[in-house]
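These notes are about the structure you will find just below.
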Amino acid sequence: MMNRKTEGSIKGVGLVIISLVFASGVLVAQGVANEDEGRSAVQSPSHFEIFESHHFSPANGSKAVLVLAGDLNQAGALIAQPAWRNLAEKNEFGLLSLGYKLKPQITDRDAVGEELARQINQAIKEKFRGNPKRIAYASGASAKWMLRAIQAEPEKWQFWGVRGALEYPMVSFREGDVAYPPGIIMTVSREEYADAWRYFGDLRRLNASEQKVTFVGSEKDLIDNAFLERFYRQFVMAVYQGKVQGAGYWLSSQGTEMPPGEGKAPQLHHSWLPNVEVAGAWRLLNRERVAPKFYPAEAVTFQAGGKEQTLWVKPPGEAVEPLVGNQRPVVVWLTKRQKDEELGRNLGNRNDPLLGFAAERGLPVVAWNSITVWPHGYHQDATQAAGSEKALAKQVADGDRAFIPVGDAMIDAIKKVCRERGWSPNRWILACDGSAARYGLMMAQAYPWAAVQLHSATGYEQLVNTPKVPWLVTTGWGAAGKKEAFDFAKLARNKKWPVLYKRYPGGGPGSRWVNRALAAEFFDYVLSLNQGRGVPEYWLKDWDKPPVPEKYRTVFQQDPDNPDKTIAIRPEIPEGFLWNDYAPQRPKPTNDGEWFVEAVHRSGITADWRQGGLISKEARKGVPVPWMVGLPNWQMAEAWNLVEHPYPELSENEAAQWQRQQDRMNGIVPASDGAEPKAAEEPDSKASADSSDPEPASDAPDKPSQEKANAESA
């Protein structure tokens, strides 16, 4: 989402209807006739194979546009419905029908939303005077693109509603962003409910006092689609005809509580309603919703080193989203709080992305407070502490020794809890942050886990066991241990370990919400792998294909001029040669860690760990390879991109590395013996190769120039 300001209110404007549909071929707007009616088409914009528009403009002009996005296969279905036509007649609606077909293999979904917004802007600019603002209604598969178009330019939209969306974008929390325009999220089934509720909470979190968003949902498949559409129209009519009573009403998700008291901000689960009549209709639609049963966290004590320690155990309750198999993976969370009771209360916070993920999947959570081992107010790093570095080193060493018996006893205590309650005895995921992440790093090496997340950890320099399962390593630009983490990430990249690495702005603690949003998507994906059962079928069959002929394989040999370097000798590949006809030139994965590496290799989604966001395929050649990170799926890519800020100032080595990359792109040969750089006859294509080269390049170890850049960028 770009940094823009949302303008105006949603009162007292005329309306235009745009009906968005996804289709190939010619679109016909049913039941619409006007001398200004016509059609325009745009062939093959960057993300669209076809983009067409039909228009009907009212004689007196229009002040706003209502965008309707319906069934992908029925272009004019919503326009043809009498209810929408009647609404149009009462408000002098104009009509504009758009249709488009997306190209396959989209590389950036947010970019599709931005382009869709531009196409809508162009259509409205051509057909309607005054560039009116818009109101949206979308349902089903088309809703995900509508939401992205709104997110691209929120200031141009005054109201929106989605019903039964199959996918929601991540809500941006970038610095300078403002609240979304008001809107309604409607869902009718249990399968849709969890994602819709999470999106509602994310929007409310943007600004709980002002963000006017309404949630209508059922977990029992009892609400009919026609009722939801009628409610949306009733809501829109109330607002646009000026029937807002005072400041409207904030009601709880159950529809039973009174609005928040005077001077108090509404809670994150409150919905906004314009008047008593609409609030009554909203209560009727939510009447079947039962408040979820609350399971308080329980304190479980265990002995370690002659002292009593506490585990806080949060029972899972009923899973909102079904699990594969009977055993529930267990989330083990190591963090630091001033009081144990505070940690126990925190476990009930479903607005925390990671705890919300656990609640939706029905996963137990076991938490431990590191303050008993590390009571200090600073991190385990000399630059963050008062006093001498030697004194801090002794404190850190003492803390490490004190934690070893605690960690061993903790594992035994968790196993006992799992045996007693029928939870998984060995499929656990480890989440750690702050000072506790140092001890989490020790635990990650000492015991088997399904996945590991470490935020602002120190201790990577003392690594003794390499990652075999997926690890998510995050830190802040100013956090303790950032150099350790970066050196570890470089090593993991060169060794092809299943490790994702990302830096966040600031010192690290301030990015807690966004890094836990990424952790939730990370754990969700890793659990879906499930020993290869969660990967596409064709991946499994690829290794049944014949091997690549020897004459087309890249050969690696020692550089005769430098024994410490390896050079790649690439064969001449004939035109029409298809790598996909042959088996991958790497062993078939046998566990979740190897499948994770395979998913990163195949996804084609590339990000920049320096917080430049996602990198398009065209832009990859301009980014040094050591700065790139592959992401396995779109959910993780969107969570990665939640926060965007300018690059921090480059160090001397990083600036030199960036300049070398640009020189290679421009075909400039590096100077030698003090000579001036000179232009090359042609660019060094190998040096600036795309990180998603065909099989031989992608399976090869880093080139010598990349290895040198890795060392210099530390």
Side-chain angles (χ1 to χ4, degrees), residues 102-109 324-325 450-451 466-472 492-500 521-556 566 568-607 614-618 620 625 628-637 640 686 689-703 706:
L102 293 172
K103 290 181 178 179
Q105 298 179 341
I106 292 171
T107 57
D108 189 337
R109 296 188 181 188
V324 178
T466 60
K468 298 296 191 298
V469 300
W471 283 21
L472 173 63
R493 176 189 175 88
N494 292 335
K495 298 291 187 180
K496 299 187 185 301
W497 293 339
V499 174
L500 288 185
E521 298 295 346
F522 168 76
F523 287 135
D524 194 31
Y525 181 75
V526 173
L527 292 179
S528 74
L529 290 174
N530 201 11
Q531 302 300 316
R533 289 189 288 272
V535 302
E537 184 67 22
Y538 77 90
W539 288 15
L540 302 172
K541 295 181 179 179
D542 274 355
W543 279 271
D544 297 332
K545 299 175 182 178
V548 175
E550 291 283 350
K551 60 181 178 180
Y552 297 137
R553 298 186 187 182
T554 299
V555 177
F556 299 95
T566 301
I569 300 178
R570 303 178 185 276
E572 192 72 28
I573 305 298
E575 186 177 351
F577 182 85
L578 299 176
W579 293 105
N580 287 338
D581 291 342
Y582 301 94
Q585 296 182 68
R586 53 188 179 275
K588 185 176 181 178
T590 59
N591 55 54
D592 285 354
E594 293 174 358
W595 278 120
F596 187 83
V597 173
E598 182 70 17
V600 169
H601 173 85
R602 292 185 185 242
S603 73
I605 305 174
T606 307
L614 302 181
I615 310 171
S616 68
K617 186 173 183 179
E618 295 75 17
R620 288 179 201 168
V625 172
M628 295 182 186
V629 176
L631 301 173
N633 66 356
W634 282 112
Q635 290 81 1
M636 216 175 300
W640 178 284
K686 289 184 180 180
D690 192 312
S691 64
S692 60
D693 284 342
E695 292 285 346
S698 59
D699 288 339
D702 288 339
K703 302 179 182 65
Q706 295 169 5

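Nearest heavy atoms, Val499 versus Pro467: CG2-CG, 3.9 Å. Taking every heavy atom of both residues into account, Pro584 and Asp542 meet most closely at CD-O, 3.7 Å. Across all non-hydrogen atoms, the minimal contact from Thr466 to Trp497 is CG2-CZ2, 3.2 Å. The two residues Pro589 and Glu598 come nearest to each other via the heavy atoms CG-CB, 4.0 Å. The shortest non-hydrogen separation linking Pro470 to Asp592 is CG-O, 4.1 Å. The nearest pair of heavy atoms linking Pro632 to Ser603 is O-CB, 3.7 Å.
Residues Trp579 and Gln585 meet the side-chain proximity criterion, which asks for heavy atoms closer than 4.5 Å. Side chains of Lys496 and His601 form no contact here, defined as non-hydrogen atoms less than 4.5 Å apart. The shortest side-chain heavy-atom distance between Leu614 and Leu631 falls under the 4.5 Å cut-off. In this structure, the side chains of Tyr538 and Leu540 stay at 4.5 Å or more apart for every pair of heavy atoms.
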*Check step by step if side chain to side chain donor-acceptor pair (under 3.5 Å) holds for Lys588 and Thr590.*
CA-CA 6 Å; Lys588 185 176 181 178; Thr590 59; over 6 Å; no

*side chain to side chain contact (heavy atoms under 4.5 Å, CB included) assessment of Ile615 paired with Met628*: CA-CA 8 Å; Ile615 310 171; Met628 295 182 186; 4.2 Å; yes

*Check the pair Trp640, Ile605 against side chain to side chain contact (heavy atoms under 4.5 Å, CB included), reporting the backbone distance first and the verdict last.*
CA-CA 11 Å; Trp640 178 284; Ile605 305 174; over 6 Å; no

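Put simply, CD1 on Ile573 and NZ on Lys551 are 10.0 Å apart, with the number rounded to the nearest 0.5 Å. Residue Tyr525 holds its OH atom at 14.0 Å from CG of Leu472, rounded to the nearest 0.5 Å. If you take CG on Leu529 and CG on Asn591, they are separated by 10.0 Å, rounding to the nearest 0.5 Å.
Ring-plane geometry between Trp595 and Trp543 is classed as perpendicular, the angle between the planes exceeding 60 degrees on a 0 to 90 degree scale with a lower cut at 30.
Across Phe523, Phe522, Trp471, a single residue satisfies ring pair (Phe, Tyr, Trp, His ring centres under 6.0 Å) together with Phe596, and that is Phe522.
Under a 3.5 Å cut-off, the side chain of Lys545 and the backbone N or O of Asn580 do form a donor-acceptor pair.
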